[in-house]
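Notes to accompany the following structure.
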There are 2 protein chains.
Amino acid sequence: MAEKKNDDGRPASAWSKVTMSDVAREANVSTATVSRFLDGMVPVLEPTRAKVMDAIKKTGYIRNEAATRLARGTSDTVGLLIRDPNNPYYGILHSELQLGAAEHKLHLLTVASPPGFNPQTESFGLRRLLEQRVGGILVATGTIAPDELSAFVRDVPTVVLGRPEEHPTLNTVSLDEEANAKLIVDAVLACGHRDIVVTFPQTNHSGLLIEHLRGTWLTRHLRDGGANVITVDTPSLSPADLEATHRQVVGLVRERRVSAALFTSDMKLLGFLKAAQEAGVRVPEDVSATGFDGLLPGTELLGLATVRLPVEALARRGMEIIHEEMVSDGTLPVRHESLVGSFLPGRTLASRLPQ
Amino acid sequence: MAEKKNDDGRPASAWSKVTMSDVAREANVSTATVSRFLDGMVPVLEPTRAKVMDAIKKTGYIRNEAATRLARGTSDTVGLLIRDPNNPYYGILHSELQLGAAEHKLHLLTVASPPGFNPQTESFGLRRLLEQRVGGILVATGTIAPDELSAFVRDVPTVVLGRPEEHPTLNTVSLDEEANAKLIVDAVLACGHRDIVVTFPQTNHSGLLIEHLRGTWLTRHLRDGGANVITVDTPSLSPADLEATHRQVVGLVRERRVSAALFTSDMKLLGFLKAAQEAGVRVPEDVSATGFDGLLPGTELLGLATVRLPVEALARRGMEIIHEEMVSDGTLPVRHESLVGSFLPGRTLASRLPQ
DNA sequence: TTGTAAGCGTTATCAT
DNA sequence: ATGATAACGCTTACAA
């Protein structure tokens, strides 16, 4: 079976060319019958079923999705454009989306944009998804401009996941950075801290946008709560900048000017923990510290006090919405939803010791 | 533009149906010319180029890959079947493969098998990739049986990534667990440790196969090096089992029966570090500890002594091989390669103190 | 219930 | 260099 049949002079494809007609011939039925059998929505007489099944098994037939999509014009595959798979956030998101897709009997096809901020690369990824003629598109990526996106996806159901902005024509499910920041702040204030340092990128550089937002909200909420806040700028992710930040924070702790340090990601918190340890500053005895994310493998092991982002819910809602859009032929209203995480207590945050 | 044109009674697809003929009409050329322009391999006169480009821009045309693949019979897209994206190892692998694909001017289409060991789910994923008629397949997943795989992919270039076994008809690029274990053992012995506990799953359960292998090699190399090895069985990943393991190890340390503890993954190491801390056992003062992987975000921050798996090289070789297979029409010999990682020094491993 | 045949959107061959 | 046109493998009215 599946013999190379390039006697006809056509270029030998790498592919075994067992097609639906091969199956049909083998089973002494028409391709239409095979198609119906495969589709399952149209009744097929039992003896015929059996013949077809045998033929499929015997020939090792595998349906050609490209032809199917072409003929059908629609597809129950949803395309996922995802940022950097090497990142716990996107990893979990990807994983949960896969689960959600299965629940809705949808297929998920993923295109990852390689690391390194590059809106253009992401456009290519998006285009490739569109070329697949997927039935819907999920965008979980930082840098592609919403306007460009909305122009691209004019005709296919689309949901943007986890971006802080809303767009008039794009469905979005996002993370409520304000509320999440509030969770941290409430916990910190409840521990009696009043003199607090917040470190974050003070400019809203692309790629640092979210951390900028978080830092801004942390600061605002703290001040609203009556705390005395010192901010330290962390302009980039470069080791030099991070080290400078740590030095400043350690300095503030030594001078007893702060009793808590707030960071805008768990990686940042982790970095500080290490720097503190090396500098002989104890956490939480000398200073409490909090992060943001709750997604790092081992977060609980390490006892990080942080906000756990609701990635699972993000994925679930995103998939639900895309599903609704895909089944409804009518045009649903554009939706904007926002999700709040939960505070994750940890050993790095303790009540302020009476001094 | 892109008006819904279902006056013809056909079901309105969610898709804007701007096709190549629309572009051709707009540009007053034939579809063949548009196709050639898009392909880029056949010269097209400048004035024509301009017309076509304009028409494409004006209509917002996006090529239908399904039709392309159907017509061409081959594709420069390689399908990736990947295990659980929510796992640093697979995350990095995915990321690096994406990079490698770009280098070879290949496209990468990913299907993730949702978490939870389920060979059948993985078969579905594989089938879906085959249905796409991708030009090559990369399998980075634990549980699918090689034999089933080889039957499936009889006619499409395939490379299996990171599985410890070889298969007569399947290309594989794997991790040299024996050599990696040796790296750890050499470092530990060089630090003067002679009484050592190794914890690992003693049965080669599916999914724990690799850790079983690592533990076995660690033990063997240690004994070959003259060390006195105690093994502790960690039959599963359940919290109860892990806790029991930690308790045993802590006990051995307190009794001064061992000066080093070896774990078969960094997560396990992390778990032990926490348990040790809670039990008042200091690392590395009371006991040195090593892990395996080197992929956890923050590995260096935490100072884990471990083996860094060569995931980047794994991805690069895998992509190179699949590329070669895809361009060569002839049948290349089946290849089996094996990659060694590098030892990552860390604070959790120190010279044995003279007691 | 099953078969026939006309597309689906591209590519590629063969003329021109 | 460009234009007709026959595949490519499958779905789906429409007939039987």
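A note on names: the letters A, B, ... follow the listed sequences, proteins ahead of strands, and every chain is numbered from 1.
Side chain of A:T68 to main chain of A:N64: a donor-acceptor pair is present (N/O by atom type, distance under 3.5 Å, no hydrogens or angles). Of the possible donor and acceptor atoms, none in the side chain of B:N171 sits under 3.5 Å from a partner among the backbone N and O of B:V334.
Side-chain atoms of B:A67 lie closest to C:dT10 of the nucleotides C:dT10, D:dG3, D:dT11. Across C:dG9, D:dA1, D:dT5, the shortest atom-to-atom separation from the side chain of B:K17 is found for C:dG9. Of the listed nucleotides (D:dC14, D:dG9, D:dC10), D:dC10 has the atom at the smallest distance from the side chain of A:Y61. Minimum atom distance to the side chain of B:T19 is reached by C:dG9, of the listed D:dT11, C:dG9, D:dC10. Of the candidate nucleotides C:dG9, D:dA1, C:dA12, C:dG9 has the atom lying nearest to any side-chain atom of B:A71. The side chain of B:R36 lies closest to D:dT2 when the candidates are C:dC8, D:dT2, D:dT11. Comparing atom distances between the B:S30 side chain and each of C:dT2, C:dG9, D:dG3 picks out D:dG3 as nearest. The side chain of B:A32 approaches D:dA4 more closely than any other nucleotide in the set C:dT2, D:dA4, C:dG9.
Among the protein residues, A:V44 comes within range of the sugar-phosphate backbone only, with heavy atoms under 4.0 Å from sugar or phosphate atoms but none that close to a base. Within 4.0 Å of A:R69, counting heavy atoms only, lies no atom of the nucleic acid at all. Heavy atoms of A:V29 sit under 4.0 angstrom from primed sugar atoms or phosphate atoms, though from no base atom. Contact annotation for B:F37: no contact, since no heavy-atom pair falls under 4.0 Å across all strands.
Of the side-chain N and O atoms in B:S35, one or more sit less than 4.0 angstrom from OP1 or OP2 of C:dT11. For D:dC10, the OP1/OP2 oxygens have no side-chain nitrogen or oxygen of A:T68 closer than 4.0 Å. Applying the 4.0 Å criterion to OP1 and OP2 of D:dG3, one finds that B:T33 has a side-chain N or O inside that range. Checking the phosphate oxygens (OP1, OP2) of D:dC8, no side-chain nitrogen or oxygen of B:R133 falls inside 4.0 Å.
Where A:T31 and A:E46 each meet DNA chain C at their nearest nucleotide, the meeting point lying more 5' is that of A:E46. Comparing B:V42 and B:R72 along DNA chain D, the residue whose closest nucleotide (by nearest heavy atom) sits nearer the 5' end is B:V42.
Side-chain atoms of A:T59 and A:D22 form no donor-acceptor pair, as typed in the model, at a separation below 3.5 Å. Side-chain atoms of A:S21 and A:T19 include a donor-acceptor pair closer than 3.5 Å. Residues A:H167 and A:T172 have side chains that never bring a donor and an acceptor to within less than 3.5 angstrom of each other. If you check the side chains of B:E148 and B:S123, you find a donor sitting under 3.5 Å from an acceptor.
In this structure, CD1 of A:I62 is placed 11 Å from P of D:dC10, rounded to the nearest angstrom. The distance from atom CE of B:M41 to atom P of C:dT13 is 14 Å, rounded to the nearest whole Å. Distance, A:N28 CG to C:dT4 C1': 17 Å, rounded to whole Å. One interatomic measurement links the two molecules: CG of B:D39 to C1' of D:dA1, which rounds to 15 Å at whole-angstrom precision. For the pair B:M20 CE and C:dT11 C1', the interatomic distance rounds to 8 Å; values are reported in whole Å. Computed from coordinates, the A:L70 CG to C:dC8 P distance equals 9 Å when rounded to whole Å. Atom CG of B:D22 and atom P of C:dG9 are 9 Å apart (whole Å). C:dG3 atom C1' lies 12 Å from atom NZ of A:K51, rounded to whole Å.
Overall bending of the helix from C:dT1-D:dA16 to C:dT16-D:dA1, expressed as the angle between end axes built from five pairs apiece, is 30° (10° steps).
B:H336 and B:L170 get closest at one heavy-atom pair: CE1-O, 3.2 Å. Heavy-atom minimum distance, B:V18 versus B:G60: CG1-O, 4.4 Å.
Using a 4.0 Å cut-off between charged nitrogen and carboxylate oxygen, B:R133 and A:E65 do not count as a salt-bridge pair.
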